[in-house]
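Note sheet for the following structure.
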Amino acid sequence: MSRPSGDPRHPRTGLVHAGRAEGRATGPVNPPIVRASTILHGSVAAMRDAESRRQAGERVQSYGRRGTDTALALEDALVEMEGGHAARLFSSGLAANASAFMALLRPGAQVLVSEGVYGPVKRFVRQFLPAWGVDACFVRADGRDIEEHVTSSTRLIYLESPGSVLFEIPDLPRIAAFARDRGIRVAVDNTWGSAWNYRPLALGADVSILAATKYLGGHADVHLGAVVANVQAWQAVDEMAEWTGASVSAEDAYLVLRGIRTMGVRMAAHEANAQLICQWLGEQAWVNQVFSPHLPSHPQHAIWKRDFRGGCGLLSFEVRKELADRVERFLDTLRLFGLGASWGGYESLARMEDGPSLRQCSPSPEGPVVRLHAGLEDGEDLLKDIKCAAAAAFHVTS
Ligand SMILES: *Cc1c(COP(=O)(O)O)cnc(C)c1O
């Protein structure tokens, strides 16, 4: 499924061709949307043959829940982009996160979880895992204290890189080498990098989890998740998806596949806009701190440069805490930035976070934190919008 290593093509070319047939194509460019629950077989023998090949681990179309051609083409594309062995698709990113925990843990096990994980993942870890008999221990989002917390029952290290909102980056190759020596699996939520800017499996992780809802889909109109596994983790990931009936619609798989084709150019444009905004924010007296791995002041800037291909449209900043009561005015005055959850679509978004509650193992920002997603609008227009809102809320002129 994945291309042989040593593929001479630039990854940007890979984005356009991943999951499509090799050689000179004929017929429609995109795989058609195939809707089916039942897949028919020509004879009992053919049906038996399909079932036994499936039992042996071959990916054959045998029942719509496991995907028709449309979803299988998306699996192929993601496997190729991540350099994995195989992938399963889920109805949302969060469903993929939850399934990865359940696949790689059993009651009695301990899991180390980055304090930087996506909020609803934290809720799953706090509220579901203990009830299931799993001991969950949070560790620093930069992963520096992982070794200290490992016990003989640790089975999984679950990271998000960069961490949500504050973008800390764990040294994945180091952590993965440490885990491998102890038979511990490593899972990474790769939504920020979206199988494009970051490839955790190549750095030693066992599974990469994607909220394709974000950049892969790219248009704020689809929910879909994926778990891409290496050979070692694949059986556990596949079984849990089978047991719990993971399934996606052909339309949703189609939309994500379509989004992937333009992700390279979209990401570069998001990144350029975000950096323009970061630079300006860094010069403002009402801003205490800007969070982005691009900035040389970011504590893991060197790791980011080593392990990532580039960045995206996300950035955060901490407003000086004595100005906390003005932040709502700032957000309400923005015109090009919508107020809403999620990110990764073509449009700009803004959202307020509670700085002091963001981290529990490392220091949290004391002031309010604003997270921006720079969309594909013109960068100077976005900056003008932010300057106007800042003038209204913080009585500053640029
Ligand atoms: C949004 C997000 C998810 C969840 O994706 P949904 O499709 O909205 O469930 C998971 N992880 C990260 C890092 C996210 O940003």
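All ligand and atom numbering here is 1-based and tracks the order in the structure.
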Worksheet item: What atoms of ligand 1 come closer than 4.0 angstrom to any heavy atom of Trp343?
Response: 15 (O)

Discussion item. Is there a polar contact between ligand 1 and Gly93, counting only N or O atoms under 3.5 Å apart?
Written reply: yes

Worksheet item: Just checking, any donor-acceptor pair under 3.5 angstrom between side chains of His294 and Glu271?
Response: yes

Discussion item. Among all protein heavy atoms in this structure, tell me which lies nearest to atom 3 (C) of ligand 1, with the distance rounded to 0.1 Å.
Written reply: Tyr118 CE2, 3.4 Å

Worksheet entry | Atoms in ligand 1 with a heavy atom of Glu160 nearer than 4.0 Å | 13 (C)

Discussion item. Between Glu51 and Arg48, does any NZ, NE, NH1 or NH2 come within less than 4.0 Å of an OD or OE carboxylate oxygen?
Written reply: no

Worksheet item: Side chains of Glu160 and Val121: does their closest heavy-atom pair fall under 4.5 Å?
Response: no

Worksheet item: Salt-bridged, Glu147 to Arg174, with N to O below 4.0 Å?
Response: yes

Worksheet item: Hey, does His223 come in under 3.5 Å of ligand 1, counting only N/O atoms on both sides?
Response: yes

Worksheet item: If you measure every N/O of Leu94 against every N/O of ligand 1, is any gap under 3.5 Å?
Response: yes

Worksheet entry | Protein contact to atom 2 (C) of ligand 1 [nearest heavy atom, distance to 0.1 Å] | Lys214 NZ, 2.5 Å

Response to the item:
shortest atom 7 (O) of ligand 1-to-protein heavy-atom contact is with Thr213 OG1, 2.5 Å

Worksheet item: Quick one: nearest non-hydrogen protein atom to atom 12 (C) of ligand 1, plus distance?
Response: Asp189 OD2, 3.5 Å

Worksheet entry | Flag side-chain contact, heavy atom, 4.5 Å: Phe330 against Val319 | no

Worksheet item: Cationic tip of Arg182 within the cone over Phe178's six-membered ring, i.e. under 6.0 Å and within 45° of the normal?
Response: yes

Worksheet item: Are the charged groups of Asp171 and Arg306 less than 4.0 angstrom apart, N to O?
Response: yes

Practice prompt. Would you mind listing which atoms of ligand 1 come within a distance below 4.0 Å of any non-hydrogen atom of Ala211?
Written response: 2 (C), 3 (C), 4 (C), 5 (O), 10 (C)

Fill in: Atoms of ligand 1, numbered as shown, that sit under 4.0 Å from any heavy atom of Asn97
10 (C), 11 (N)

Practice prompt. To the nearest 0.5 Å, tell me how far Thr333 OG1 sits from Arg329 CZ.
Written response: 5.0 Å

